[in-house]
Amino acid sequence: MDNALDNTLLATLLGWLQANPAAPAAIVFLTAMAESMAILGILVPGAAMMVGFGALIALGHLDFWHTCLWAIAGAVAGDWASFWIGREFHAHLRGWWPFSRHPRWLADGEAFFHRHGGKSVLFGRFVGPIRAVIPLVAGMMDMPPGRFMAVNLASALLWAPAYLLPGIAFGEALEHAGGAAARLVVLLLLALALGGLLGKAALAGLRPLRPALRAAVLGVPLL
């Protein structure tokens, strides 16, 4: 029963991808863009999803070059949008949520930028804790747009294959173990990534309610 259900879900997913040829490109683009956007990059489990896309490439359901190019385009667009926001609003961002609540995020990004200069845009693409704020900080620090775009593009060209290739190797290893098992694992990987996204979004939405929830659980009256 479970195997039949898994096969049905997998057939539905693959059938939907085949019936909507533009959908994979849009999903890859939006995933890479969200992963590179300020704040969204903290919420979106982009790394897990990129590995899942790589596994689908290995199984023949996605084309490597198309997937890689759309991932690069999304990564460039996400970083550029964050850079533009930083240039447009500068220090006003310090008063915006979540930076008003977590000032260390911008402070750490600024320290990293001062230490590495323009190369921080390249390094920051691969450094988890600050990847979501470095383009924003680069804009706040008035990094020249042309220089930013050059480093942005270079970092995206490295980032996309760096996450897709392990997924391809993973998918090929699973394919040797058995095609059905491989496809099932890929489906589960993508499901876990989606679950992680929804879980992080839910936690973010509940954060303003934490004082009330804590008071209800502990029986402490709110002041």
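Just so you know, these numbers use all the heavy atoms, side chains as well, and skip hydrogens, waters and symmetry mates.
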Non-hydrogen atoms of [X] and [Y] that approach each other most closely:
X: Trp105; Y: Pro98; result: CZ3-CG, 3.5 Å
X: Ser100; Y: Pro103; result: O-CD, 4.1 Å
X: Pro24; Y: Leu62; result: CB-CD2, 3.5 Å
X: Ala25; Y: Trp70; result: CB-NE1, 3.3 Å
X: Arg87; Y: Met143; result: NH1-O, 3.3 Å
X: Pro161; Y: Cys68; result: CD-SG, 4.0 Å

Side-chain donor-acceptor contacts of residues 75-85 below 3.5 Å, not counting sequence neighbours, with atom names and distances?
residue, atom, partner, partner atom, Å
Asp79, OD2, Arg125, NH2, 3.2
Ser82, OG, Ala38, N, 2.8
Ser82, OG, Gly78, O, 3.2

For His116, does its backbone N or O pair with a side-chain atom of Ser120 as donor and acceptor, under 3.5 Å?
-> no

Quick one: does [X]'s side chain get under 4.5 Å of [Y]'s, heavy atoms only?
X: Met50; Y: Glu35; value: no
X: Met140; Y: Leu93; value: yes
X: Thr31; Y: Phe53; value: yes

Atom pair [atom1] ([X]) and [atom2] ([Y]), whose distance is rounded to the nearest 0.5 Å:
X: Thr67; Y: Leu164; atom1: OG1; atom2: CG; answer: 6.5 Å
X: Phe113; Y: Lys119; atom1: CZ; atom2: NZ; answer: 10.5 Å
X: Ile72; Y: Leu158; atom1: CD1; atom2: CG; answer: 9.0 Å
X: Leu106; Y: Ile134; atom1: CG; atom2: CD1; answer: 10.0 Å

Cluster link Phe123 to Leu136, ILVMFWY, side chain under 4.5 Å | yes

When clusters are formed by joining ILVMFWY residues with side-chain heavy atoms under 4.5 Å apart, either directly or through shared neighbours, do Leu69 and Leu56 land in the same one?
-> no

Partners passing side-chain hydrogen bond (donor to acceptor under 3.5 Å, both in side chains) against His66 (at least two apart in sequence or in another chain) | none

Contacts of type salt bridge (charged side-chain N to carboxylate O under 4.0 Å, His left out), residue Arg147, not counting sequence neighbours | none

Can you name the residues that form a salt bridge (charged side-chain N to carboxylate O under 4.0 Å, His left out) with Asp108, not counting sequence neighbours?
-> Arg104

Ion pair check, Glu110 and Arg115, cut-off under 4.0 Å = no

All ring-ring contact (aromatic ring centres under 6.0 Å, His included) counterparts of Phe99, not counting sequence neighbours | none

Taken in chain and number order and not counting sequence neighbours, the residues that satisfy ring-ring contact (aromatic ring centres under 6.0 Å, His included) with Phe64 are none

